[in-house]
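Reading through the structure tokens given below for one structure.
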Amino acid sequence: MKKSVLAIAVLTVCAGAAQAQSSVAIYGVMDIGLIKSTGSTMQVGKGDYNRLGFKGTEDLGNGLSANFRLEMRFQPDTGTLEANGQRPLFQGRSVVGLSSATLGSLKMGRDLTAVQDPASDFDPFGFQTVGTLDAVTGNYMSDTSVASSGNRFSNGVFYSTPVMNGFQVNLSAATKEALNGVPVVKSNPYSVSGTYAKGPLAVMVGAERATNEDKFWTLNGAYKVGVANLMASYSRYNRVASTDDTNWLVGADIAVATGAVKVGYGQIKPEHKSADKQASLGYWHTLSKRTMLYTDVTSRRPAVGATNNAIDLGIHHTF
Amino acid sequence: MKKSVLAIAVLTVCAGAAQAQSSVAIYGVMDIGLIKSTGSTMQVGKGDYNRLGFKGTEDLGNGLSANFRLEMRFQPDTGTLEANGQRPLFQGRSVVGLSSATLGSLKMGRDLTAVQDPASDFDPFGFQTVGTLDAVTGNYMSDTSVASSGNRFSNGVFYSTPVMNGFQVNLSAATKEALNGVPVVKSNPYSVSGTYAKGPLAVMVGAERATNEDKFWTLNGAYKVGVANLMASYSRYNRVASTDDTNWLVGADIAVATGAVKVGYGQIKPEHKSADKQASLGYWHTLSKRTMLYTDVTSRRPAVGATNNAIDLGIHHTF
Amino acid sequence: MKKSVLAIAVLTVCAGAAQAQSSVAIYGVMDIGLIKSTGSTMQVGKGDYNRLGFKGTEDLGNGLSANFRLEMRFQPDTGTLEANGQRPLFQGRSVVGLSSATLGSLKMGRDLTAVQDPASDFDPFGFQTVGTLDAVTGNYMSDTSVASSGNRFSNGVFYSTPVMNGFQVNLSAATKEALNGVPVVKSNPYSVSGTYAKGPLAVMVGAERATNEDKFWTLNGAYKVGVANLMASYSRYNRVASTDDTNWLVGADIAVATGAVKVGYGQIKPEHKSADKQASLGYWHTLSKRTMLYTDVTSRRPAVGATNNAIDLGIHHTF
């Protein structure tokens with residue numbers, strides 16, 4: 001009896017302690033490293049995209065919740081917003097919406113598109129470090145304005161079904177309104193993807209129409225064999241005003257006792273031209289669930305121009 | 001005895017847990033909706049002003065406390081600071097000061113003026129959604145520089161008396177210093193308001209001189225009859241360099257079982273010209289104390305030019 | 001026995017309460033005051049540098065921890081980032097790294113240099129308020145670009161030894177990469193300082209090469225006699241492209257029952273020219289550990305031009 005009285009007292013006191021921050025969680029990534037590339041002096045730069053975010057969930061009952069997320073992105077070596085401050089304050093994400101266990105989630109604002117959001121799962125480097133092959137989306141950009149990051153929709157509506165037997169469908173669409181000095185577009189930009197993840201297998205198919213009416217579709221798979229997660233990706237980028245690209249990559253993320261070895265090879269092939277080829281190797285050393293040290297080497301041989309090699313050594317910290 | 005020892009232990013432990021965030025609370029509003037206006041494509045936009053804020057209070061003893069507040073404002077559809085990034089990072093509020101239960105509160109920095117702060121209580125739409133009549137302050141702006149939001153003073157000193165029998169007096173004044181490229185002003189901008197709120201009645205009277213020496217005065221009242229809060233507002237805007245405006249509105253905020261119905265009509269009448277007339281109707285559906293869905297229709301007939309109608313459908317989430 | 005069970009329950013519950021914010025602490029300073037200077041209208045301005053920061057520490061075991069820190073700096077009177085918004089979002093600090101009890105701390109990103117970080121300890125006004133003599137670093141700037149604050153390195157690596165018997169050595173270096181439109185520099189900027197603090201004595205010696213290859217060295221001491229902390233500083237600033245400066249100051253920070261009295265005199269003497277002389281007196285009134293009121297008077301007689309006097313009255317709040 002005494003126990004329960006005290007327990008209530010404890011809960012009350014602690015609720016008070018937590019209340020000051022109500023429902024907002026702060027999260028983010030800081031990732032800085034040394035990078036040396038062919039023909040360039042040593043640089044302090046980033047591996048992953050650096051973020052400081054604020055998010056919250058409110059339980060509305062009956063399996064329904066309201067959610068928001070605001071995410072700053074910045075250059076950690078100078079403290080500036082991305083693209084030397086040209087990008088929005090909440091470039092990463094600026095969304096609010098409702099989520100239901102049975103009906104899925106609907107949000108509005110600025111976010112990664114249905115295709116771009118899961119795409120990084122099929123690059124062994126996860127779009128981080130100099131090792132990133134970048135041959136999943138290649139030269140394609142969902143939004144071509146300077147003030148965007150190329151893989152997000154502003155003025156967007158984003159819907160995802162619940163995950164059913166490992167399957168999920170995601171839809172994104174944006175309005176035709178003028179943005180960043182770019183006049184009203186003729187067709188609504190949209191993005192649709194289907195993902196499957198169960199046991200050792202993960203698959204993602206997707207198609208998208210960009211703000212400039214360029215089109216993109218992609219097919220990706222990953223399969224776990226022992227400690228190795230093997231990946232393959234194939235994509236087509238159809239430009240409205242010019243020739244098309246075909247991208248593909250193969251790679252592996254191999255768990256080792258102290259972290260992970262990453263290896264991959266990819267090509268971005270413009271029509272009627274030689275391919276831009278890239279091979280990468282990395283070792284990511286785990287210090288904790290939240291912190292790792294990494295080093296990567298990559299070699300990129302473009303169709304035109306000299307080969308570019310790069311090596312990095314950095315720290316990645318999640319909070 | 002055991003209990004009190006434990007209680008102290010509990011308080012100590014929880015103080016530790018809370019200490020990581022010391023005295024700072026994160027708060028804000030995210031509000032996004034679809035908006036369709038006459039002659040414009042469908043847009044993703046905002047109803048309310050979107051904010052991410054940080055605030056804290058320190059108890060100094062003897063009824064005295066120190067307080068600060070920093071409030072970002074942003075466009076949720078693109079993640080950018082207001083006015084496409086032209087406005088200050090802490091456009092909403094940037095103030096620090098002292099507050100006393102007996103002497104009132106004094107703060108310095110950037111904040112809503114004494115007149116602008118309570119003005120939204122007398123528009124049934126509370127300066128939110130397309131329904132907002134905006135006929136309380138009309139075309140008047142406290143600060144006319146692009147980098148301001150029109151209803152705040154930078155370089156300001158803000159004083160409020162304690163609330164005494166429902167009465168409160170608020171004073172704001174700003175320095176004459178140059179701001180945003182606008183040279184030193186001849187007269188100190190100031191703002192004064194008196195508010196009364198007790199039982200069913202709320203009243204606000206106020207007068208102000210803007211950074212460009214324009215003047216504004218206003219008289220507002222609200223009275224609760226059953227589930228309806230009836231509102232009326234009358235204001236005069238005296239331009240230094242041009243003609244004057246007379247604004248008025250009537251409206252009601254009617255509580256219903258699932259939320260609120262909003263209705264209002266307002267005019268902004270320039271001297272020697274026809275009035276700009278607006279009528280609005282809205283339904284705001286409560287999902288929780290912090291979250292609501294809203295839809296509004298409004299029709300604005302300007303003195304010159306075509307009638308503009310608009311409809312919105314959105315979500316408003318407070319955190 | 002019951003006690004320990006309850007204690008565990010308490011810890012668990014409170015850990016839950018704290019978890020929402022995981023490891024991120026919000027901190028900062030808000031400082032606003034009225035400032036009146038010769039030939040200028042009354043201004044609302046700042047005493048100290050205003051900050052809003054986010055920091056975290058993760059224990060990695062074996063005396064090792066991972067740390068990050070992101071610090072915004074802003075003008076509290078307008079809510080804008082420093083230098084009217086020209087400076088980076090995280091102008092103050094943007095660093096991540098590892099810290100070891102035995103090996104010291106290593107971090108990368110943007111931070112105060114090894115010399116600039118401890119320099120404010122040897123000005124009785126601590127680089128705050130109009131009283132600040134600014135004769136420790138004088139006209140020297142570690143980074144001369146508009147987008148910097150003059151005493152930080154972007155693209156930096158920062159190392160500090162552990163404190164051993166009161167001694168600590170700090171090293172900072174930056175890459176040669178282009179920054180803020182300034183092309184690649186010929187020599188790596190660096191900064192080195194040694195500090196000693198034990199009992200009544202504190203000493204700092206330092207040397208630095210700026211991004212524009214200018215050089216700076218400094219020798220500083222402080223000694224506590226009763227309630228007074230006496231300070232002296234001597235520095236040399238060697239310009240690559242022009243004449244040199246010699247700076248010195250003497251001052252005292254005197255604890256009184258209700259706060260502190262600050263007094264100081266300093267000179268910045270350009271070669272072959274008369275010195276720029278400044279004397280200051282201040283009283284800082286303690287309201288709590290986190291909040292104080294301050295007033296200062298200062299008189300600056302430049303080698304050329306009229307004497308400038310200033311007085312301030314403000315509030316300084318730490319959170």
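Chain identifiers are assigned alphabetically (A, B, ...) following the order of the sequence lines, protein sequences preceding nucleic acid strands; residue numbering begins at 1 within each chain.
- Distance check, rounded to the nearest 0.5 Å: CZ of B:R152 to OG1 of C:T78 gives 13.0 Å.
- To the nearest 0.5 Å, the span separating CD1 on B:I26 from CD1 on C:I26 amounts to 3.5 Å.
- Using a 4.5 Å heavy-atom threshold, the side chains of B:S154 and C:Q75 count as separate.
- Closest of all the heavy-atom pairs between B:T175 and C:M42 is CB-O, 3.4 Å.
- The heavy-atom pair separating B:M108 from C:I315 by the smallest distance is CE-CG2, 4.4 Å.
- For the pair B:S94 and C:P76, the tightest heavy-atom approach, listed with the atom from each and the gap, is OG-O, 2.8 Å.
- For B:E213, the side chain to side chain donor-acceptor pair (under 3.5 Å) partners are B:S187, not counting sequence neighbours.
- Other residues, nucleotides and ligands contribute at most 12 non-hydrogen atoms within 6.0 Å of the OH atom of C:Y49.
- Although no hydrogens or angles enter the test, the distance criterion places a donor-acceptor pair under 3.5 Å between the side chain of B:E177 and the main chain of C:V44.
- You'll find the side chain of B:V96 stays beyond 4.5 Å of the side chain of C:N50, heavy atoms only.
- Of the residues listed (C:T80, C:L81, C:L52), the one engaging B:F90 in a side-chain contact (heavy atoms from CB on, under 4.5 Å) is C:L52, and it is the only one.
- Within a 6.0 Å sphere centred on CZ of B:R239, heavy atoms belonging to other residues, nucleotides or ligands number more than 12.
- Of the residues considered (B:A66, B:G156, B:G92), B:A66 shows the highest number of contacts with chain C, using heavy-atom pairs under 4.5 Å.
- Atom OG of B:S65 and atom CG of C:L287 lie 11.0 Å apart (nearest 0.5 Å).
- With a 4.5 Å cut-off on non-hydrogen atoms, B:L70 touches chain C through its side chain but not through its backbone.
- Relative orientation of the C:H317 and B:F68 rings is tilted, given thresholds of 30° and 60° on the angle between their planes.
- The structure places CE of C:M72 at 3.5 Å from CE of B:M72, a figure rounded to the nearest 0.5 Å.
- For the atom pair C:T286 OG1 and B:L60 CG, the distance stands at 11.5 Å (nearest 0.5 Å).
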